[in-house]
Amino acid sequence: MLLTIDIGNTNITIGCYQAETLGKRWRLATDHERMADEYGIQLASLLGHGKIDIRDIQAVCLASVVPPLTGRLVQACKQYLNQSPFIVDSSVKTGINITLDDPSAIGADRLVDAAAVQVIYGGPACIVDFGTATTFDVLDNKGNYLGGAIAPGIGISADALFQRTSKLPRVDLVRPPSVIGKNTVHAMQSGLLFGYVSMVEGMVARIQKTTGDDLKVIGTGGLAEIVANETDVIQIVAPWLTLDGLRIIWEMNHKHD
Ligand SMILES: Nc1ncnc2c1ncn2[C@@H]1O[C@H](COP(=O)(O)OP(=O)(O)O)[C@@H](O)[C@H]1O
Ligand SMILES: CC(C)(COP(=O)(O)O)[C@@H](O)C(=O)NCCC(=O)O
Ligand SMILES: [K+]
């Protein structure tokens with residue numbers, strides 16, 4: 001069994017793979033206060049709750065965009081699961097050619113998403129990952145990662161609207177009855193949700209125009225569903241794309257060992 005761990009800025013997502021099949025998966029809060037022992041206990045108890053014997057875990061593959069937590073999770077895996085995680089960065093085999101100014105600066109999650117899409121769907125493609133930030137990643141049909149865009153995420157936008165104004169409340173990110181809000185809450189929900197959907201439609205159109213390709217558009221990340229429900233621009237929602245990518249990259253780097 002392979003354990004995959006994706007450390008994002010808001011959530012740590014974890015999945016257990018038996019061959020290519022994703023079984024149990026969990027989402028934890030990314031907590032900068034929590035120490036290696038606390039993460040270790042949490043991992044062990046999640047596995048126990050999922051009736052997974054720690055001895056059945058043969059490997060751990062990990063990607064992180066939160067450097068202060070990487071070492072703690074590595075320590076947790078070593079001490080509580082007896083596994084030294086394989087850490088994905090731009091130096092490992094991914095099947096992707098990163099054509100950036102500095103390939104080592106790419107967010108590991110973006111690289112993992114690209115590797116997953118290359119294998120599962122093939123390029124040319126645009127991946128939109130709706131996490132803390134919303135990232136756009138562009139792949140051509142030869143496995144080249146061309147680059148992309150980083151926008152403030154939906155949650156960040158909602159927080160900023162609430163925090164930087166006196167009279168605006170915190171609102172739930174749900175679909176309002178109309179794009180034309182009749183009250184403050186509905187008006188904010190309209191601006192957040194429909195404004196965001198329009199941003200994504202506009203960005204994909206711009207990217208498509210720049211590449212000249214007919215791109216497959218794949219949505220992932222915690223908030224992908226809520227955007228995809230409002231637009232046809234997201235053709236495929238793949239909620240566990242990053243975990244699939246971690247499995248794929250692990251196999252690429254260990255199959256012939
Ligand atoms: N099951 C879920 N359904 C809907 N939204 C979720 C779910 N889990 C997390 N979210 C939201 O998705 C966002 C985090 O998405 P995620 O892709 O995990 O981000 P990151 O990779 O930056 O940590 C948060 O705003 C969180 O509230
Ligand atoms: C853009 C990101 C903040 C997205 O992180 P997330 O929303 O998944 O937590 C992360 O991929 C990152 O820190 N990237 C490094 C810079 C880059 O990718 O160019
Ligand atoms: K992510």
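Quick note: residue numbers are just sequence positions, from 1. Note that ligands are numbered from 1 as they come in the structure, with each ligand's atoms numbered from 1 the same way.
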Can you tell me which residue and heavy atom of the protein come closest to atom 18 (O) of ligand 1, and the distance to 0.1 Å?
-> Arg27 NH1, 2.7 Å
With a 4.0 Å cut-off on heavy atoms, does Gly131 reach ligand 1?
-> yes
Stacked cation flag Arg34 on Tyr39, 6.0 angstrom / 45 deg | yes
What about Asn11: any of its N or O atoms under 3.5 Å from an N or O on ligand 1?
-> yes
Measuring from the heavy atoms of Gly153, does anything fall under 4.0 Å of ligand 2?
-> no
Taking atom 7 (O) of ligand 2 as the point of reference, which of Ala108, Ala133, Gly107 owns the nearest heavy atom?
-> Ala133
Heavy-atom distance from atom 20 (P) of ligand 1 to the protein below 4.0 Å?
-> yes
The protein heavy atom nearest to atom 25 (O) of ligand 1 is Leu223 CD1, 3.7 Å
Atom 17 (O) of ligand 1 sits nearest the protein heavy atom Gly222 N, 2.9 Å
For atom 22 (O) of ligand 1, the protein heavy atom that lies nearest, with its residue and separation = Thr132 OG1, 2.5 Å
Is the closest side-chain donor-acceptor distance between Asp37 and Tyr80 under 3.5 Å?
-> yes
Numbering the atoms of ligand 1 from 1, which are under 4.0 Å from a heavy atom of Asn9?
-> 20 (P), 22 (O), 23 (O)
Quick check: does Thr10 get an N/O under 3.5 Å from an N/O on ligand 1?
-> yes
